[in-house]
Every structure is written in C-alpha cells, then in structure tokens.
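Report on one structure; see the data block that follows.
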Amino acid sequence: EDGIRDRSPSRGLGDVYKRQLSDLDRAITLQPSLALAYLLRGMAYRGLGDHDRAIDDFQVVLSLGDDPVMQQEAELQLIEMGVPLMDGTS
C-alpha cells in the first residue's frame, strides 16, 4: 500500500508546488508589486494545504488592485476557501 501512495498524482503535484514556490519567492523579491506572482504562489500554497499563507497571498493580490482579472481569480480562490470578502461576499 505504501508503494501505491508514493506514486499517487497528489504527491507529484506537491513536488511541483514546492519547486514553484522557490521561483515565485524569487520573483516577489525582485518585483514586490507583481500580482501574478502572489496569485500563483497562493495557488501553490493552497495546493500544499497551507491555507493561511494562501489567504495572505490572495489578499495581497486584492490590495495591489492593478489587474481586474487577477483580482477576480483571487476573490474566487478566497470564496472557494470559505473566506469572507471585504464586501461581505462569502
């Protein structure tokens, strides 16, 4: 049974998310106002089950307010996670 679990797709995705985090951390360090990097990092954290960090990153996307498409995606991610939005939507 352990061998089956080791080959599961979710394990592979976790490795992908972890590799992405390193690149996205670097991108954010170089360009702290890059909403796309926060959005993607939030999705990676969510995929890893780190919901607190995911929420923080999605809220940064909303606070940057420079791209309506990314803001909408961040809002959808938060709603799916059950996080109430500032306007009362949940």
Side-chain angles (χ1 to χ4, degrees):
E1 186 177 316
D2 287 339
I4 293 170
R5 204 174 303 136
D6 289 343
R7 290 188 301 254
S8 72
S10 62
R11 178 182 169 96
L13 277 178
D15 292 339
V16 170
Y17 290 140
K18 289 175 186 173
R19 285 193 302 271
Q20 287 177 341
L21 286 176
S22 176
D23 292 339
L24 293 166
D25 287 343
R26 196 170 322 120
I28 289 168
T29 298
L30 294 172
Q31 195 171 356
S33 62
L34 186 61
L36 178 60
Y38 287 100
L39 180 64
L40 294 175
R41 190 173 72 173
M43 291 172 151
Y45 280 135
R46 185 176 178 200
L48 289 169
D50 191 340
H51 291 203
D52 290 337
R53 286 184 176 170
I55 291 167
D56 289 345
D57 278 352
F58 295 141
Q59 289 176 335
V60 169
V61 173
L62 296 178
S63 71
L64 290 173
D66 60 350
D67 187 318
V69 173
M70 281 187 262
Q71 283 189 294
Q72 182 179 20
E73 181 59 36
E75 287 176 352
L76 289 173
Q77 293 286 328
L78 289 168
I79 289 168
E80 287 176 2
M81 295 173 72
V83 177
L85 302 178
M86 296 291 279
D87 67 0
T89 307
S90 59

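Owing to the predicted nature of the structure, the values given are computational and were not obtained by experimental measurement.
Under a hydrophobic-cluster definition in which Ile, Leu, Val, Met, Phe, Trp and Tyr are linked whenever side-chain heavy atoms come within less than 4.5 Å, directly or via other members, Leu64 and Leu85 are assigned to the same cluster. Leu36 and Leu76 are not part of a single hydrophobic cluster, where members link through side-chain heavy atoms under 4.5 Å apart. Residues Ile79 and Phe58 share a hydrophobic cluster, clusters being chains of Ile/Leu/Val/Met/Phe/Trp/Tyr side chains in contact below 4.5 Å. Side-chain heavy atoms closer than 4.5 Å link hydrophobic residues (I, L, V, M, F, W, Y) into clusters, and following such links, even through other members, never connects Leu34 to Val61.
In summary, the side chains of Glu73 and Gln77 do present a donor paired with an acceptor at a separation below 3.5 Å, with no hydrogens or angles considered.
When all heavy atoms are compared, the tightest approach of Leu62 to Ala74 is CD2-CB, 4.1 Å. In plain terms, the two heavy atoms of Gln20 and Ala44 that are nearest each other are OE1-CB, 4.1 Å. When all heavy atoms of His51 and Arg46 are compared, the pair lying nearest together is NE2-O, 4.0 Å. Here the closest heavy-atom approach between residue Ala54 and residue Gly42 is recorded as CB-O, 3.3 Å.
Taking the side chain as every heavy atom from C-beta outward, Leu21 and Tyr45 approach each other to under 4.5 Å.
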inquiry  = Under the criterion salt bridge (Lys or Arg N to Asp or Glu O under 4.0 Å), I'd like the reasoning laid out for Arg26 against Asp23: C-alpha separation, chi angles, the key distance, then a yes or no.
reply    = CA-CA 5 Å; Arg26 196 170 322 120; Asp23 292 339; 3.4 Å; yes

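Separating the CG atom in Asp57 from the CD atom in Gln59 is a distance of 9.5 Å, to the nearest 0.5 Å. One distance of note links OG of Ser63 with CD of Gln71; it measures 9.0 Å at 0.5 Å rounding.
Checked by atom type and distance alone, the side chain of Tyr38 never pairs as donor or acceptor with a backbone atom of Ser33 at under 3.5 Å.
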